[in-house]
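A quick write-up on the structure given underneath.
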Amino acid sequence: MKSFYITTAIDYVNGSPHLGHAYEKVLTDVIARFRRQMGDKVHFLTGVDEHGQKVQQSAKVRGIPPQQFADEVSAEFRALLPKLNISNDDFIRTTEERHKKVVRQVLQQLFDKGEIYKAEYQGFYSARQEQFLQEKDRNPDGSWPEIYGEVTSIAESNYFFKLRGYQEWLVQFLTKNENFIFPRFRQKQVMEFLKDPLNDLCISRPRERLAWGIPLPFDEDYVTYVWFDALINYYSAVADQPGVWPAAWHVIGKDILVPPHAVYWPIMLHAAGLPLPGGIIAHGWWLQRGAKMSKSLGNALNPLDLIAEFGADAFRYFVIREMNVGQDSEFTREQFLVRYNSELANSLGNLVNRTLNMTARFAQGVIPAAGLVEDPEKELHALWTKTRDEFIPLCEGFQFHTALEHVMGFLTATNAYIEKRAPWKLGKSAEPRDQELLRTSLATMAEALRLGVALLEFVMPASAAKINGVLGYAPGNIWKDELAWDGRLTGCKTAEALVLFPRPQPAAKPATPS
RNA sequence: GCCAGAGUAGCUCAGUGGUAGAGCAGAGGACUCAUAAGCCUUUGGUCCCCGGUUCAAUCCCGGGCUCUGGCACCA
């Protein structure tokens, strides 16, 4: 069995989870579930980043220890996972001993190799904000903004990691592995970034300035800062599990691609003599009217509200159906409702409902065998074959939105097939041929529904289980075996009709100016 | 400023060197198993602008405009 290790970024616990966090979990989960059904041995990691200055400050404001603060916010992130039906195998917190141990090991190893050195750093420091400032933090007239208070030029000794020496190696690596970063155009941005010389990376903070971190193993007066702490989680979580590392993919937001994941991380691994991951998927942002969704803009839409209202599957379906992985997308309640109503309620939900109704009414709730294969059946069979054959390559290329579009096309064709056969008319006829056609059409629509659902399962696992249940069907363990059009539903006893995706409101008629 | 991505029907987007497509929304129709759902038909477009190459450009080249993102030891 092929090993497939996949990770999300770890979330920084200085704020509550929002839509972007939820999307990244769902996207990674969809990939993980897809690989599992393809037969891979999947290991799926997510987690939280708990160290650092902001956590220390926030805890101080609340008058509680940083660990307690981290515990509280981490619990929020962790609670999100079951609500989204995320199938992660592990959850890592950077304050866990297993993580700290590996971080210190890697640091010590690099220090022993001479990859880390101590040097004096000269910069402008804001005592009020407890941070060094950049040139770009200045006002246009050269002064420092009021929020920084008094700014002084000070010198501080810190430890640096020798990034610069690996720049040429990284350029060559990326040139040879042109699919390392998905989508491909982002890799070009990395190459562009690497045209300028790299500076070595400052990886420490004096403990008196930042106590909430992992002490350097070779100098306990310092803690390691940000990237050696955060990035190593991907490795530390599985360091004691042979055969898992390297990761197949790291799924991250585009904001942390360059430089941390595309530059620091490969170089850190290479310098430490560890294998590199298969690649990095950088997804886009959810926007509202073109602006990034964020709390400060007051436009943050709480995904938990939508999940509570419509269920995890509807949320999962929307984000995967709507967003082309790597690009940005709009997220509004209106757009969510359009997809929900037209695709989940009207196309899929109604198909489930009418199939169950007709099977109950015209076949006493037992799915009959298909006796005939004429043009309408042949056309639907052919569309199924096409849909199925295109589906897997699309998913392998992360084109989930297109894959789902095709599945919807197949469900629409199934609805059209039902209109063509009109079982409600056949049911009124006693002619043997009409009765045969009735059985055939009932069997065909049920089979088409079963197959369509098999393709939706990794996006909407709960709904898929429910639909299989009301069809009286229990899928086997091997997903690919489920994709054959055959008569396996014959004799299955269906449940009473149900409304799977209730419409929240009657179709709104927008006022049309006359 | 530099680099990257993008500008196509009301909306979201696909697409090709030969005067453009899908879904949704809108309009009309026949039906009734069904969640006022489903099905059939259908109205919408100077394919950002200006030049150039070509028999022919929305798609190729040059210039311009607009939007979005990145530009390091700040998540």
Side-chain angles (χ1 to χ4, degrees), chain A residues 9-12 14-15 49 52-54 121 123 129 131-134 136-137 158 160-161 163 183 185-204 225-227 230 252-260 263-264 282 284-285 287 290-292 321-322 324 326-330 332 334-335 338-339 341-362 401-402 405 408-409 411-427 441-442 445 497-504 506-510 512:
Chain A
I10 50 174
D11 299 316
Y12 196 54
N14 193 43
D49 181 5
Q53 189 135 29
K54 285 180 183 170
Y121 177 76
Q129 295 291 322
Q131 66 173 12
F132 276 91
L133 303 177
Q134 309 303 311
K136 67 180 175 187
D137 292 327
N158 265 309
F160 290 80
F161 172 55
L163 271 190
F185 74 83
R186 296 241 170 255
Q187 182 137 340
K188 286 190 210 156
Q189 292 187 351
V190 179
M191 296 303 279
E192 202 59 39
F193 177 83
L194 289 170
K195 279 181 181 167
D196 292 330
L198 288 172
N199 289 334
D200 289 342
L201 179 66
C202 180
I203 61 157
S204 70
Y225 188 66
V226 185
W227 298 118
I252 61 166
K254 63 181 183 178
D255 50 331
I256 50 172
L257 178 66
V258 186
V263 179
Y264 303 160
W285 284 334
L287 311 170
K292 185 190 175 186
R321 171 74 178 87
E322 188 75 13
N324 183 347
Q327 313 228 309
D328 295 344
S329 281
E330 294 280 330
T332 64
E334 287 68 34
Q335 276 176 304
V338 165
R339 288 263 183 238
N341 282 332
S342 79
E343 298 184 6
L344 293 184
N346 297 351
S347 286
L348 174 59
N350 188 52
L351 175 60
V352 171
N353 190 288
R354 67 200 306 215
T355 298
L356 295 174
N357 257 302
M358 284 188 269
T359 306
R361 185 187 290 215
F362 301 121
H401 65 304
T402 308
E405 186 183 2
M408 272 307 140
L411 295 178
T412 294
T414 302
N415 274 318
Y417 165 82
I418 293 171
E419 300 293 330
K420 211 174 286 177
R421 282 308 192 192
W424 50 91
K425 284 182 187 162
L426 298 168
S441 59
L442 292 174
M445 72 176 82
L498 84 167
V499 173
L500 198 58
F501 299 103
R503 289 175 65 97
K509 293 261 180 189
T512 332

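Naming: A, B, ... by sequence-line order, numbering from 1 per chain. Small disclaimer: the values here were computed from a predicted structure and weren't measured.
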Quick one: on RNA chain B, does A:E192 or A:N415 contact a more 5' nucleotide (nearest heavy atom)?
A:E192
Just checking A:N346: base, sugar-phosphate only, or nothing, at a heavy-atom cut-off of under 4.0 Å?
sugar-phosphate
Base, sugar-phosphate alone, or nothing: which one does A:P183 contact when heavy atoms must sit under 4.0 Å apart?
nothing
From CG of A:D196 across to P of B:A4 the rounded distance in Å is 14 Å
Does a side-chain heavy-atom distance below 4.5 Å link A:R354 with A:M445?
no
Please give the distance between the P atoms of B:U16 and B:U58 as a whole number of Å.
16 Å
A:F160: partners by ring-ring contact (aromatic ring centres under 6.0 Å, His included), with sequence neighbours left out:
A:Y117
Can you tell me the distance, in whole Å, between the CG atom of A:L194 and the P atom of B:C71?
14 Å
Side chain of A:N350, base of B:A34: donor and acceptor closer than 3.5 Å?
yes
Distance, C1' atom - from B:U46 to B:U19, rounded to whole angstrom
12 Å
Table of protein N/O atoms under 3.5 Å from nucleotides 8-14 of chain B N/O atoms:
none

Output the rounded distance in Å from CG (A:L198) to P (B:A72).
12 Å
Excluding sequence neighbours, so at least two apart, what forms side chain to side chain contact (heavy atoms under 4.5 Å, CB included) with A:A422?
A:W424, A:K425
Let's test this: given Watson-Crick or G-U wobble pairing with both distances under 3.5 Å, identify the partner of B:A36.
none
Ignoring backbone atoms, test whether A:R503 places a side-chain nitrogen or oxygen under 4.0 Å from the OP1 or OP2 oxygen of B:A36.
no
Please enumerate all residues that pass side chain to side chain contact (heavy atoms under 4.5 Å, CB included) together with A:S347, with sequence neighbours excluded.
A:M408, A:T412
Closest contact, heavy atoms only, A:F501 versus A:A345:
O-CB, 3.3 Å
Do A:L163 and A:Y264 have side-chain heavy atoms sitting under 4.5 Å apart?
yes
Which nucleotide, if any, forms a Watson-Crick or G-U wobble pair with B:G62, using both distances under 3.5 Å?
B:C50
When rounded to whole Å, the CD to C1' distance for the pair A:E405 and B:G15 reads 13 Å
Rounded distance in Å between the P positions of B:C49 and B:G7
13 Å
What integer distance in Å separates A:R421:CZ from B:G38:C1'?
18 Å
Can you find an N or O donor on one side and an acceptor on the other, under 3.5 Å apart, linking the side chain of A:E419 with the base of B:G38?
yes
Phosphate oxygens OP1/OP2 of B:A34: is one of them under 4.0 Å from a side-chain N or O of A:R361?
yes
Roughly, in whole Å, what's the span from NZ in A:K420 to C1' in B:U32?
19 Å
A:I418 CD1 to B:C33 P, straight-line distance once rounded to whole Å:
13 Å
If the cut-off is 4.0 Å, is A:K425 near the phosphate of B:C31, judged by side-chain N/O to OP1 or OP2?
no
A:I256 CD1 to B:A75 P, straight-line distance once rounded to whole Å:
13 Å
So, is A:Y225 close to the B:A75 phosphate, meaning a side-chain N or O under 4.0 Å from OP1 or OP2?
yes
List for me each residue that meets ring-ring contact (aromatic ring centres under 6.0 Å, His included) alongside A:Y225, sequence neighbours excluded, and say none if there are none.
none
Test side-chain hydrogen bond (donor to acceptor under 3.5 Å, both in side chains) applied to A:N346 - qualifying residues, sequence neighbours left out
A:R503
